[in-house]
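Structure, as structure tokens:
In what follows, every heavy atom counts, from backbone to side chain, and hydrogens, waters and symmetry copies are set aside. Chain letters run A, B, ... following the sequence lines, proteins first and then strands; every chain starts at 1.
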Protein chains: 2
Amino acid sequence: MKKEFNNRCEVVLNLLSGKWKAHILYFLTKGPARTSELKRLVTGISQKMLTEQLKELERDGLVARKVFNQIPPKVEYSLTEHGSSLTKVLGEIVEWTENYVEQRHPDGEVVFHDNDDGL
Amino acid sequence: MKKEFNNRCEVVLNLLSGKWKAHILYFLTKGPARTSELKRLVTGISQKMLTEQLKELERDGLVARKVFNQIPPKVEYSLTEHGSSLTKVLGEIVEWTENYVEQRHPDGEVVFHDNDDGL
DNA sequence: CTGTATCCTCGAGGATACTG
DNA sequence: CAGTATCCTCGAGGATACAG
């Protein structure tokens with residue numbers, strides 16, 4: 001299946017296209033997490049969306065899925081090499097954002113739900 | 001109006017959220033362009049979408065709009081300081097993409113419609 | 001606990017016609 | 001040439017129930 005893009009930047013926009021992917025990746029930069037943890041951390045996400053987006057991230061090689069054969073089931077997700085190199089690059093974006101927000105939206109018109117300078 | 005984000009990276013994803021914005025910005029990195037030029041360059045975009053996305057890019061301070069009072073009308077769009085600093089940062093993303101595609105999709109499974117290493 | 005299967009809503013984006 | 005106004009489609013994403 002051939003995929004076509006207008007420019008190289010769109011590839012990444014595509015990888016992060018889902019409504020929740022950036023958010024999921026953000027938590028995974030802090031370390032591996034199992035499904036239930038992510039469901040709790042990513043506030044507001046539904047079961048369906050979580051599974052779907054994780055599947056896509058895995059397919060795209062950004063996230064690794066490890067299944068522990070036990071009862072009750074346990075599945076752990078973590079960043080792959082590709083995943084962590086991408087999030088590292090996204091750090092630049094974060095820096096740019098700091099500046100942008102400071103200049104265009106001083107005085108708290110823009111709010112971040114993490115206080116960690118994350119992703 | 002207060003805007004809320006889960007992490008800083010999402011701000012940029014939001015700025016580029018429209019289906020065509022990255023593509024439009026890409027052409028503007030090559031220099032200012034008037035409406036009709038963009039309509040021709042951004043293949044497949046409709047009149048409506050072009051105006052809409054440009055309006056949003058302008059509102060977000062990434063693109064400047066200059067009107068020439070003449071008949072027939074002439075409007076020219078260009079990158080602002082914010083706009084060109086962002087596209088500069090996106091260059092990092094482009095580099096990452098080169099690598100990613102090379103490793104995960106060797107042999108032309110992924111195609112770019114510009115041959116210019118753009119955006 | 002993790003994941004699948006359905007059904008439904010809603011808005012981004014396309015097509016087309018029209019104004020100045 | 002540049003932009004607005006309508007109408008319509010379609011799929012991403014939400015809610016819920018169920019399975020292993």
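For Arg34(B), no side-chain nitrogen or oxygen approaches OP1 or OP2 of dC1(D) to under 4.0 Å.
Nucleotides of DNA chain C lying under 4.0 Å from heavy atoms of chain B occupy a range whose first and last members, 5' to 3', are dG13(C) to dG20(C).
Val63(A) has its side chain within reach of Leu25(A): a pair of non-hydrogen atoms, C-beta onward, lies under 4.5 Å apart.
Applying the side chain to side chain contact (heavy atoms under 4.5 Å, CB included) rule to Thr35(A) yields the partners Leu50(A), Val75(A), Tyr77(A); only residues at least two apart in sequence or on another chain are considered. Under the salt bridge (charged side-chain N to carboxylate O under 4.0 Å, His left out) criterion, Lys30(A) pairs with Asp116(A), sequence neighbours left out. Trp96(B) meets the side-chain hydrogen bond (donor to acceptor under 3.5 Å, both in side chains) test with Ser85(A); sequence neighbours excluded. Residues satisfying the salt bridge (charged side-chain N to carboxylate O under 4.0 Å, His left out) criterion with Glu98(A), sequence neighbours excluded, are Arg8(B). Not counting sequence neighbours, Lys19(B) has no partner by the salt bridge (charged side-chain N to carboxylate O under 4.0 Å, His left out) test. For Glu81(B), there are no salt bridge (charged side-chain N to carboxylate O under 4.0 Å, His left out) partners, not counting sequence neighbours.
Applying a 4.0 Å cut-off to non-hydrogen atoms, the residues of residues 40-71 of chain B that approach DNA chain D are Gln47(B), Lys48(B), Thr51(B), Lys55(B), Arg65(B), listed by residue number. Of the residues in residues 13-32 of chain A, those placing a heavy atom less than 4.0 Å from an atom of DNA chain D are Gly18(A), Lys19(A), Trp20(A), in numerical order.
Among all heavy-atom pairs drawn from Leu119(A) and Val94(A), the shortest one is C-CG2, 2.6 Å. Closest approach of Gln53(B) and Gly18(B) over heavy atoms only: OE1-CA, 3.4 Å.
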Give every donor-acceptor pair under 3.5 Å between a side-chain atom in residues 9-17 of chain A and any protein atom, sequence neighbours left out.
unit_1   : atom_1 : unit_2   : atom_2 : d
Glu10(A) : OE1    : Asn6(A)  : N      : 3.2
Ser17(A) : OG     : Asn14(A) : O      : 2.9

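Note on residues 2-29 of chain A: pairs passing ring pair (Phe, Tyr, Trp, His ring centres under 6.0 Å), not counting sequence neighbours, are His23(A)-Phe27(A).
Within the model, atoms CG of Asn99(B) and CZ of Arg104(B) stand 13.0 Å from one another, a figure rounded to the nearest 0.5 Å.
Going from atom CD of Glu37(B) over to atom C1' of dA2(D) covers 13 Å, rounded to whole Å.
Judged by distance alone, with hydrogens and angles left aside, the side-chain atoms of Thr80(A) form a donor-acceptor pair with the main-chain N or O of Gly61(A) at under 3.5 Å.
An angle of 40°, rounded to 10°, separates the two end axes of the helix from dC1(C)-dG20(D) to dG20(C)-dC1(D), each defined over five pairs.
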